[in-house]
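One structure is given below, encoded as structure tokens.
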Protein chains: 2
Amino acid sequence: MPLQTFENLPEDKRQRIIDCAVDEFSQHDYASASISKIVANAGIAKGSLYQYFNDKSDLYSYLLDLVSQTKAEMMAKAFQQEKPLPFFESLLALFSVMANFELQHPKLAKIGYKATSGKSPLPEDLLIKGKHSTIQYFVTLINQGKISGEIISDIDAETAAFIFVSALSEMGNFVSAKSLTDNTIDNTGKPTPAQLSEIERLYQQVIMILKNGIANKG
Amino acid sequence: MPLQTFENLPEDKRQRIIDCAVDEFSQHDYASASISKIVANAGIAKGSLYQYFNDKSDLYSYLLDLVSQTKAEMMAKAFQQEKPLPFFESLLALFSVMANFELQHPKLAKIGYKATSGKSPLPEDLLIKGKHSTIQYFVTLINQGKISGEIISDIDAETAAFIFVSALSEMGNFVSAKSLTDNTIDNTGKPTPAQLSEIERLYQQVIMILKNGIANKG
DNA sequence: CAGTCATATGACTGATTAGTCATATTCTAC
DNA sequence: GTAGAATATGACTAATCAGTCATATGACTG
């Protein structure tokens with residue numbers, strides 16, 4: 001965790017350091033990310049950074065926390081409402097949160113993606129554990145769907161969960177790849193209404209396919 | 001491309017160098033992969049490596065070629081037969097090839113995965129082009145399936161293709177993650193029969209879900 | 001044996017890295 | 001104003017990196 005000195009910093013300076021660190025770690029994996037470049041961009045002395053963080057991995061942990069906290073906040077907002085939703089509405093809400101996270105915090109999303117896709121100093125078993133717990137979350141959701149009768153009971157929950165997680169983790173890339181080819185981007189960092197509706201269409205289509213399949217049963 | 005001198009090398013030495021380079025580039029992304037470590041492991045002088053390859057990126061290109069050639073060979077073997085298959089059988093064959101590639105050449109698979117998942121010196125647009133062309137391949141396949149009546153005609157082909165590619169690219173990880181938790185691994189590098197049947201079950205399940213969906217329509 | 005040529009070598013260069021630490025500056029309290 | 005604590009600094013260390021090059025080795029030729 002960062003030292004107290006970092007929390008004591010004036011807000012703008014603290015934010016500038018975070019921004020520069022996020023920039024660097026979103027563009028390079030852990031090993032290649034350069035502390036020297038971060039301090040140069042942030043306009044502080046290297047020694048100063050080591051007043052705020054114990055070492056490189058301490059800074060990296062801080063950023064990972066920032067990623068998961070930001071995502072968790074968006075989740076909490078989306079699900080703040082009442083009772084458990086029907087399965088496919090939960091799925092829609094989840095996809096929506098993930099897509100919005102990608103659009104509103106693309107750099108944080110990249111850091112998270114790098115962390116889970118193998119290029120981070122996280123021990124291999126921790127990574128696998130993380131993925132496994134994400135899959136388990138979906139397994140639970142799917143099993144609830146089976147009980148409520150929304151989902152075919154002899155679907156393999158783990159396989160279905162795997163497909164969801166794959167789609168979910170690649171959707172961000174797909175969305176941003178599509179954005180790059182469109183001319184609909186403004187560079188304010190905020191997604192345009194055109195992008196938003198395009199994305200909404202995308203994940204509704206994805207859920208449609210997962211729900212009904214693509215085979216013609218006529 | 002590698003220089004002629006590399007092709008002239010005695011087979012065992014050449015293979016040792018390739019093996020060490022594959023080891024290094026499968027464990028680290030391009031920037032972090034170390035030429036110094038490769039030559040140390042291979043037991044050759046650093047100068048020697050530069051007799052065989054122009055520079056680091058030349059060696060890397062060689063490995064990427066190795067990845068795509070190896071995969072292409074497996075594809076060719078799987079599809080050497082006659083006429084175009086029905087859509088879902090093509091899909092099954094494709095999944096099968098990818099899973100076998102992952103199991104038989106896990107290190108090459110890792111290099112390929114790193115190259116497409118953002119951490120390589122490949123220009124961004126080339127990466128996107130690569131992904132796009134993979135998706136386009138599926139789009140074509142799906143559109144053929146629509147014409148032949150196997151696939152619902154108002155499915156969005158690009159969205160479906162995206163789901164396939166996502167599942168395909170994550171399947172390798174999923175398979176190897178499952179292998180790690182099982183006790184069924186022997187360390188000869190070859191997959192055990194138990195693994196193979198487990199994997200076959202997995203991608204049959206995946207195709208089942210993509211085909212029919214998971215919703216209960218009873 | 002001598003001459004020629006392809007290959008092998010590892011010390012070296014200049015750049016970059018994470019992290020340190022003695023010194024300097026700034027802030028707080030009296 | 002002044003003592004003392006907290007913070008800021010950047011030159012420095014030791015390690016590592018990709019890439020170079022003068023020299024050495026060894027194989028083949030006449």
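All chains are named by letter (A, B, ...) in the order of the sequence lines, taking the proteins before the strands, and each is independently numbered beginning at 1.
Summarising the local packing, CE of A/M208 is surrounded by 12 or fewer heavy atoms from other residues, nucleotides or ligands at distances under 6.0 Å.
Using a 4.0 Å heavy-atom cutoff across all strands shown, B/Y52 reaches sugar-phosphate atoms only and no base atom. Among the protein residues, B/A33 comes within range of the sugar-phosphate backbone only, with heavy atoms under 4.0 Å from sugar or phosphate atoms but none that close to a base. Here A/L9 lies in heavy-atom contact (under 4.0 Å) with sugar-phosphate atoms only.
Note on A/S34: every side-chain N or O is 4.0 Å or more away from OP1 and OP2 of C/dT16. Between B/S48 and C/dT9 there is a side-chain N or O to OP1 or OP2 distance below 4.0 Å. Between B/K46 and C/dG10, a side-chain N or O to OP1/OP2 separation shorter than 4.0 Å is absent. Distances shorter than 4.0 Å separate none of the side-chain N or O atoms of A/Y50 from OP1 or OP2 on D/dT9. Contact annotation: B/N8 does not reach the phosphate of C/dA6 (side-chain N/O to OP1 or OP2, under 4.0 Å). OP1 or OP2 of D/dT16 has not a single side-chain nitrogen or oxygen of B/S36 nearer than 4.0 Å.
For A/L49 and C/dT17, the CG to C1' distance is 14 Å, given to the nearest whole Å. B/Y30 has its OH atom 12 Å from the C1' atom of D/dC17, to the nearest Å. Atom P of nucleotide D/dG19 and atom CD1 of B/I38 are separated by 11 Å, given to the nearest angstrom. Rounded to whole Å, the distance from CG on B/N54 to C1' on D/dG19 is 12 Å. Rounding to whole angstrom units, CD1 of residue A/I35 and C1' of D/dA15 are separated by 16 Å. Protein atom CG of B/D58 is 10 Å distant from nucleotide atom P of D/dG19, rounded to whole Å. In this entry the distance linking CD1 of B/I44 with P of D/dA24 reads 21 Å, nearest Å. Rounded to whole Å, atom C1' of D/dT20 lies 18 Å from atom CZ of B/F53.
Mapping B/Q4 and B/G47 onto DNA chain C by nearest heavy atom places B/Q4 closer to the 5' end of the strand. Two residues, A/K37 and A/Q51, neighbour DNA chain C, and the one matched to the more 5' nucleotide by heavy-atom proximity is A/K37.
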Please step through side-chain contact (heavy atoms from CB on, under 4.5 Å) for the pair A/F87 and B/I214, ending with a clear verdict. CA-CA 11 Å; A/F87 176 80; B/I214 63 171; 3.8 Å; yes

side-chain contact (heavy atoms from CB on, under 4.5 Å) assessment of A/I207 paired with A/Q204: CA-CA 5 Å; A/I207 288 171; A/Q204 277 172 354; 5.9 Å; no

Could you check B/Y62 against B/F6 for ring-ring contact (aromatic ring centres under 6.0 Å, His included), going step by step and ending with a plain yes or no? CA-CA 11 Å; B/Y62 178 78; B/F6 187 61; 5.6 Å; yes

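A donor-acceptor pair under 3.5 Å links the side-chain atoms of A/T5 to the main chain of A/Q51, judged by distance alone.
Taking five base pairs at each end of the helix from C/dC1-D/dG30 to C/dC30-D/dG1 and finding the rotation axis that steps the C1' atoms of four pairs onto the next four gives two axes whose angle is 10°, to the nearest 10°.
Under a cutoff of 6.0 Å and an axis angle of 45°, A/K56 and A/Y30 form a cation-pi pair.
Side chain of A/K56, nearest nucleotide from C/dA18, D/dT7, C/dT7: C/dA18. With D/dA8, C/dT7, D/dT9 as the candidates, the nucleotide lying closest to the side chain of B/T5 is C/dT7.
In this structure, the side chains of B/E7 and B/R14 come closer than 4.5 Å at one or more pairs of heavy atoms.
With A/V22 as the partner, the side-chain contact (heavy atoms from CB on, under 4.5 Å) test is satisfied by one option alone out of A/I17, A/I38, A/I111: A/I111.
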